[in-house]
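Each chain gets a letter, A, B and so on, in the order the sequences are listed, and its residues count up from 1.
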2 protein chains.
Amino acid sequence: MVTIRDVAKEAGVSVATVSRVLNETGYVHEDTRKRVMDTMKELNYSPNEVARSLYKKKSKLIGLLLPDITNPFFPQLARGVEDEMQKQGFRLLFGNSDEQPEKELDYIHTFVQNNVVGIISATNHTSKTNYQDLSIPVVFLDRTSNDYPSVYADGKEGGKIAAEEMVRRGSKRITLLKGPAHIQPAQDRFQGALEYLSQSNVDFHVIATTSFAFEDAEKWAKELFDTYPDTDGVLASNDIVATAVLHEALRLGRSIPTDVQIIGFDDIPQSSLLFPSLSTIRQPAYEMGKEAAALLIKLMRKEPVQQKHIQLPVTFIKRETTREVEIND
Amino acid sequence: MVTIRDVAKEAGVSVATVSRVLNETGYVHEDTRKRVMDTMKELNYSPNEVARSLYKKKSKLIGLLLPDITNPFFPQLARGVEDEMQKQGFRLLFGNSDEQPEKELDYIHTFVQNNVVGIISATNHTSKTNYQDLSIPVVFLDRTSNDYPSVYADGKEGGKIAAEEMVRRGSKRITLLKGPAHIQPAQDRFQGALEYLSQSNVDFHVIATTSFAFEDAEKWAKELFDTYPDTDGVLASNDIVATAVLHEALRLGRSIPTDVQIIGFDDIPQSSLLFPSLSTIRQPAYEMGKEAAALLIKLMRKEPVQQKHIQLPVTFIKRETTREVEIND
DNA sequence: TTGAAAGCGCTACCAA
DNA sequence: TTGGTAGCGCTTTCAA
């Protein structure tokens, strides 16, 4: 390993001078600068980030905490974060929490131990206790917060739009799948849909669910058509659940969207590949990741930010699990 | 931030002693050990990993380099790696290379600058030049290598099995989608299929493809049925491409699997959710990730490893894009 | 059984 | 314009 001393010796200068050309701070004569640069190249030197981090008490690392990267919604988020961070010279320390407070705590802890300069967290389970003692900026992603900067999609509006489209497209007996109670975005979209349906003149039922796993979703789907066989419209808490409902409906011989309409949430990549392809409310996951990264960077640089809570719009993606309507479609 | 000095002062001992109880090295009297432990708890002390890393020239970080986490095959891999690493106390520095040599080089570089103790790389594009100067162990994942330890699925066998099943299930005019030339696993499965088909008595064609992106795959799919309209069996280079072929076949009114059989590769999560669900060759992605992590850990600990090249078996997953056969099915 | 002190590679201060 | 040096928080000799 070649250190700053080696470069200094080889170039016939002090380590201080090498440090100066390295960081472009202070005065360095052009000639010596060139000489130092040359020897750095010659020796293939590159600074030890750990030593830098120790002295400056800050690294170029940021911590990214997700619930579970194998949930198809999160890779896009992660990629958005990474692309923005990479562009700005930051690297990612990455962990999955599985929405388990201990794991979350543990990762936050090791992030701090490694001098990360900022954290992006997309977890939902825990209260703010994990984060309040931190001296570094934190941005919550896919989750709102009064206490911390956050980037999220307008879940409530999304729920409303979904309900609206479903009613507009003629469903009369709607079943609403309420997502896990501890997942805030799921509750937002549920509330949005609920409010709309409450003041509309259609029948509706609510089924409470507790996870987003496909295997669980298959059970809710069965329960749904068991309990409410005359359902002609399903508002699912996300695309995974919607997919399970679609499967079950098909299995039962229902015609989609003629007998039953289905609207999902998220617009994960596979939703357009289903048959019939899934109508859904799209969250701009990649953009959310990018926005969160950009916000965190501003915060870390102590640049003024007027908007600490960035809400991104959701859009209805009309595909084949909803019917056509004559006007405005 | 509370440091080892603070603990030492508060406990009335030297930093050396605190370090000893921290690392459980050397002699420490039970009483003082207890006292130190108590003050550590009291002050809520936890060691600065950066300082440790600087002194010991090794961290608890490992670098994970993937082509692209938004490709549905990789989240499972990543999760396997993470779960095993997390269990052993290692954390992940994570990056996507997009199969671009510069990005790959850049990430490897910053991994090293941050004192990672090992690297897992699932990239395919570049030669070994990036890795040969490293003093830390490297494990290649989803890729074979003569020079480095590696964990991969038996792609060639997978290709063979796919071809075999397709012929066994009655396809006579098979089209083989050859994956990107620079993606080694794609070439392995292609070779396996090619060898089998060559010595079987069915007609077959080969179409060269250059990416795994769905949008590109849609073009190959169109080209396929344009150029070889009498194709009655498609061996796709992976499930994404298979999905595009499935869509196109359906769009053209072909009956699946009666008119055309399709077999994919990977068994990404969405493959079972398609309609009809996709028959495919399954790679055990999660296990591959775990194996790679376990192997890397052994290597880092300089434990003896008899198997530096771990090949995991692939399996044919019979679903709805292949026909039934009478015997042995 | 304990403590003093050197040193990991770097930055930044102060002096020259 | 440059160099000497203290010190970031920790581990590990070496001596007591």
### Query
Which residue, A:Asn23, A:Val28, A:Thr39, A:Val7, forms the side chain to side chain contact (heavy atoms under 4.5 Å, CB included) with A:Val18?
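Exactly one pass, corresponding to A:Val7.
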### Task
Take the C1' atoms of the five end pairs on each side of the helix from C:dT1-D:dA16 to C:dA16-D:dT1, get both axes, and report the angle to 10 degrees.
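Taking the rotation axis at each end, their angle is 50°.
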For atom [atom1] of [X] and atom [atom2] of [N], their distance in whole Å:
| X | N | atom1 | atom2 | answer |
| --- | --- | --- | --- | --- |
| A:Lys56 | D:dG9 | NZ | P | 15 Å |
| A:Lys58 | D:dG9 | NZ | C1' | 18 Å |
| A:Leu22 | C:dA12 | CG | P | 11 Å |
| B:Leu54 | C:dG9 | CG | P | 7 Å |
| A:Met1 | C:dG7 | CE | P | 18 Å |
| A:Arg20 | D:dT1 | CZ | C1' | 8 Å |
| B:Glu24 | D:dT12 | CD | P | 13 Å |
| B:Arg52 | C:dG7 | CZ | C1' | 17 Å |

Listed nucleotide nearest any side-chain atom of [X], set [options]:
| X | options | result |
| --- | --- | --- |
| B:Ala16 | D:dC10, D:dT11, D:dT12 | D:dT12 |
| B:Val15 | C:dC10, C:dA5, C:dG3 | C:dA5 |
| B:His29 | C:dG9, D:dG4, C:dT1 | C:dT1 |

If only side-chain N and O atoms of [X] are considered, is one of them under 4.0 Å from the OP1 or OP2 phosphate oxygen of [N]?
| X | N | result |
| --- | --- | --- |
| A:Asn23 | C:dT11 | yes |
| A:Ser19 | C:dC10 | no |
| A:Lys57 | D:dG9 | yes |
| B:Thr17 | C:dG3 | yes |

#### Entry: DNA chain C: 5'-proximal contact among B:Tyr27 and B:Ala51 (nearest heavy atom)
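The residue whose closest nucleotide sits nearer the 5' end is B:Tyr27.
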### Message
Both A:Val2 and B:Thr32 contact DNA chain C. Which one's nearest nucleotide lies toward the 5' end?
### Response
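Of the two residues, B:Thr32 wins.
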### Query
Relative to each other, are the rings of B:Phe140 and B:Tyr148 parallel, tilted or perpendicular (30° and 60° limits)?
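Judged by the thresholds at 30° and 60°, the geometry between B:Phe140 and B:Tyr148 is perpendicular.
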### Query
Does any N or O donor sit under 3.5 Å from an N or O acceptor when you compare the side chain of A:Tyr55 with the base of C:dT11?
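Yes, a donor-acceptor pair under 3.5 Å.
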### Message
Test: side-chain hydrogen bond (donor to acceptor under 3.5 Å, both in side chains). Region: residues 108-117 of chain B. Which pairs qualify, not counting sequence neighbours?
### Response
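Applying side-chain hydrogen bond (donor to acceptor under 3.5 Å, both in side chains) to every pair that reaches into residues 108-117 of chain B, excluding sequence neighbours, yields A:Ser46-B:His109, A:Arg91-B:Thr110, B:Ser53-B:Asn115.
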### Query
Just checking B:Val50: base, sugar-phosphate only, or nothing, at a heavy-atom cut-off of under 4.0 Å?
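Nothing: the residue B:Val50, judged by heavy atoms under 4.0 Å, touches no strand.
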### Message
Regarding A:Thr3, tell me which of base, sugar-phosphate or nothing describes its non-hydrogen contacts under 4.0 Å with the strands shown.
### Response
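Sugar-phosphate contact only.
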### Query
Is the ring centre of A:Phe212 less than 6.0 Å from the ring centre of A:Phe73?
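Between A:Phe73 and A:Phe212, which both carry aromatic rings, the centre distance is not below 6.0 Å.
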### Task
Could you list the residues that satisfy ring-ring contact (aromatic ring centres under 6.0 Å, His included) with A:His182, not counting sequence neighbours?
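For A:His182 the ring-ring contact (aromatic ring centres under 6.0 Å, His included) partners, ignoring immediate neighbours, are A:His125.
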### Query
Quick check: are there more than 12 heavy atoms from other residues, nucleotides or ligands sitting under 6.0 Å from CZ of B:Arg5?
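Counting neighbours around CZ of B:Arg5, 12 or fewer heavy atoms of other residues, nucleotides or ligands fall under 6.0 Å, so no.
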### Query
Side-chain donor-acceptor pair under 3.5 Å between B:Glu10 and B:Tyr45, yes or no?
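Looking only at side-chain atoms, B:Tyr45 and B:Glu10 do not form any donor-acceptor pair under 3.5 Å.
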### Task
Identify the heavy atoms of A:Asp68 and A:Asn96 that sit nearest to each other, and give their distance.
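For A:Asp68 versus A:Asn96, the nearest heavy atoms are CA-ND2, 3.4 Å.
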